[in-house]
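Read the structure below first, then the notes.
Letters A, B, ... are given to chains in the order of the sequence lines, protein chains preceding strands, and every chain is numbered from 1.
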Number of protein chains: 2
Amino acid sequence: MSRPCPQHQHPHRLIQQPLSDLTDKLRRGELKITAPRQAILDVLRKHASPLTIKEIHTSLGKMDCDLATIYRNMHTLERMGLVRRYDFGDGAARFELSPEEGDAHHHHLVCKQCARIIELDDCFLSEFQDQLARRHGFTKISHRMEFFGICPTCRVP
Amino acid sequence: MSRPCPQHQHPHRLIQQPLSDLTDKLRRGELKITAPRQAILDVLRKHASPLTIKEIHTSLGKMDCDLATIYRNMHTLERMGLVRRYDFGDGAARFELSPEEGDAHHHHLVCKQCARIIELDDCFLSEFQDQLARRHGFTKISHRMEFFGICPTCRVP
DNA sequence: CAGAAGATTGCAAACCGCTTGCATCCTCAT
DNA sequence: ATGAGGATGCAAGCGGTTTGCAATCTTCTG
C-alpha cells in the first residue's frame with residue numbers, strides 16, 4: 001500500500017519502456033514476448049500489493065488466458081528475477097514486480113480478516129542473516145518473514 | 001537439532017508423566033485419551049525438529065492410523081496449545097511440541113537441499129512486532145519467519 | 001519474407017496437501 | 001454396566017498447482 005522513499009521507487013523502467021528494453025531483457029533469457037506475458041506484467045505494474053494467480057487472472061479481464069499459462073509464466077518471470085513470490089500462509093502464492101534489480105525486498109503486514117496488505121520498509125535482517133550463515137556454515141541464505149494481525153478497520157469496537 | 005539453554009528445555013512434563021497430568025489437561029479441553037492421540041504425542045516427543053503429517057504418519061509405524069485422524073488431531077492439539085505449527089513454504093505444515101506453556105516460540109534455519117532443520121534461539125521480534133502493531137493500529141499481531149540456505153554438508157566443494 | 005526451430009499456449013488430466021460427511025467405534029462420567 | 005458424545009476410518013471432495021501433448025506463435029535465418 002505504501003512504497004516508502006521515492007528513490008526506491010523505480011517504476012521498473014525495463015518493462016515500461018515501449019519494447020526494446022523488455023526485448024533485451026527477455027531475449028537474454030531466451031524468452032519470447034507474448035500477449036499473455038505482456039498482459040500479466042501490465043497487471044502487476046498496475047497493482048501495489050502482491051496478487052494471487054486468481055487475482056491476476058481476473059485482472060486480465062478480456063485478455064483471458066489459461067491458468068496454467070499464468071502459473072508457468074510466474075515461474076519463468078520469477079526465475080528471471082522480474083517478479084518476486086510471497087507466501088502469506090493462506091495456501092495461495094502471491095506475486096509482485098521486483099522492486100528493482102538486485103536483491104532488495106521488503107516484508108508485509110497482512111490483515112487476517114480482510115487481507116489488506118501493508119508493505120513494510122526495506123528488510124532489516126540482512127546482517128542477522130549473514131551472522132547466522134557464518135555461525136552455521138550455511139550458504140545461499142535467504143529468509144521469509146511476514147506479520148499478521150487484525151487491521152483497525154476490521155477490529156470490532 | 002539443538003535446543004539451546006537447558007532451562008528452556010522442559011521436557012513437556014504434561015505429556016511425559018504417566019497419565020494423570022495429561023488426563024487433566026485433556027479433560028479440561030473435553031478431549032479423550034485415545035490411542036492415536038497418544039501415539040502422535042509420543043512421536044513428537046521423540047523428535048527434536050518439526051515433523052510433517054506424512055513424517056508423523058510413517059513414524060507411527062505399526063500403530064498406523066488414518067491420515068485424516070492425524071490432520072484432525074493436529075488441529076485439536078494446536079488449538080489446545082500442545083503443539084505448534086510451522087510453515088517452511090514447501091506446502092506441508094510441520095508440527096512440534098510447544099516449548100512450554102505460554103507464547104514462547106522460535107524460528108528455524110532450514111537446508112533447502114537436505115531439509116535439515118536447525119532450531120534458533122528464542123525470537124527477538126516481539127518488540128518490533130509491538131511497534132508495528134502500534135504504528136498501524138493492528139491488534140492480535142503475530143508473525144512467521146524462517147531462514148533457508150544450503151548447509152555445510154550439502155555444499156559441493 | 002518465407003521457412004524452420006523451438007518456445008509458448010490451451011486443454012484436460014493428474015497431483016498434493018488438506019478437509020469433510022457419515023456411519024461406526026470408543027472413552028469416560030454416571 | 002450404560003449412555004452420550006467425542007474420535008476414528010473410509011471415501012469423496014476441494015483448492016492450488018503441475019504436467020503431457022498437440023497446436024500455435026515468436027523470432028532467427030537465409
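Protein atom CG of Asn73(B) is 15 Å distant from nucleotide atom C1' of dT20(C), rounded to whole Å. Across the protein-nucleic acid pair, Arg85(B) atom CZ and dT19(C) atom P stand 7 Å apart, rounded to whole Å. The CZ atom of Phe88(B) sits 16 Å away from the P atom of dG17(C) (whole-angstrom rounding). Rounded to whole Å, atom P of dC10(D) lies 11 Å from atom CG of Leu67(B). Ile33(B) places its CD1 atom 16 Å from the C1' atom of dG5(D), with the value rounded to the nearest Å. Atom pair Arg94(A):CZ and dG15(D):C1' shows a separation of 14 Å (rounding to whole Å applied). Rounded to whole angstrom, the span from the CG atom of Leu31(B) across to the P atom of dG5(D) amounts to 16 Å. Look at CD1 on Ile70(B): it is 17 Å from C1' on dT20(C), rounded to the nearest Å.
With dT17(D), dG9(D), dA7(D) as the candidates, the nucleotide lying closest to the side chain of Ala93(A) is dT17(D). Checking dT27(C), dT19(C), dG10(C) against the side-chain heavy atoms of His75(B) singles out dT19(C) as nearest. Closest to the side chain of Lys32(A), out of dT8(C), dA7(D), dT8(D), is dT8(C). With distances taken from any side-chain atom of Pro36(A) to the nucleotides dG5(D), dT9(C), dG16(D), the minimum falls on dT9(C).
The backbone N or O of Thr52(B) sits less than 3.5 Å from a side-chain atom of Glu55(B), completing a donor-acceptor pair. The main-chain N or O of Phe138(A) is never found under 3.5 Å from a side-chain atom of Arg155(B) such that the two would form a donor-acceptor pair.
Defined by atom type and a distance below 3.5 Å, a donor-acceptor pair is missing between the side-chain atoms of Gln131(A) and His136(A). In summary, the side chains of Asp64(B) and His57(B) do present a donor paired with an acceptor at a separation below 3.5 Å, with no hydrogens or angles considered.
Ion pairing of Asp87(B) with Arg94(B) is absent here, as no side-chain N (NZ or NE/NH1/NH2) approaches a carboxylate O to less than 4.0 Å.
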Check nucleotides 19-24 of chain D against the protein and report each pair of N or O atoms closer than 3.5 Å, with its distance, or say if there are none.
residue	atom	partner	partner atom	Å
dG20(D)	O6	Arg72(A)	NH1	3.2

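The aromatic rings of His108(A) and Tyr86(A) sit perpendicular, their planes meeting at an angle over 60°, well past the 30° parallel limit.
When all heavy atoms are compared, the tightest approach of Leu60(A) to Ile40(A) is CD2-N, 4.0 Å. What you find for Phe95(A) and Leu44(A) is that their closest heavy atoms are O-CD2, 3.7 Å.
Phosphate contact (OP1/OP2 of dG6(D), side-chain N/O of Thr34(B), threshold under 4.0 Å): absent.
Interface residues of residues 51-58 of chain A facing DNA chain D, ordered by number: Ile53(A), Lys54(A); criterion, heavy-atom separation under 4.0 Å.
Between Phe147(B) and Phe128(A), a ring centre-to-centre spacing shorter than 6.0 Å is recorded.
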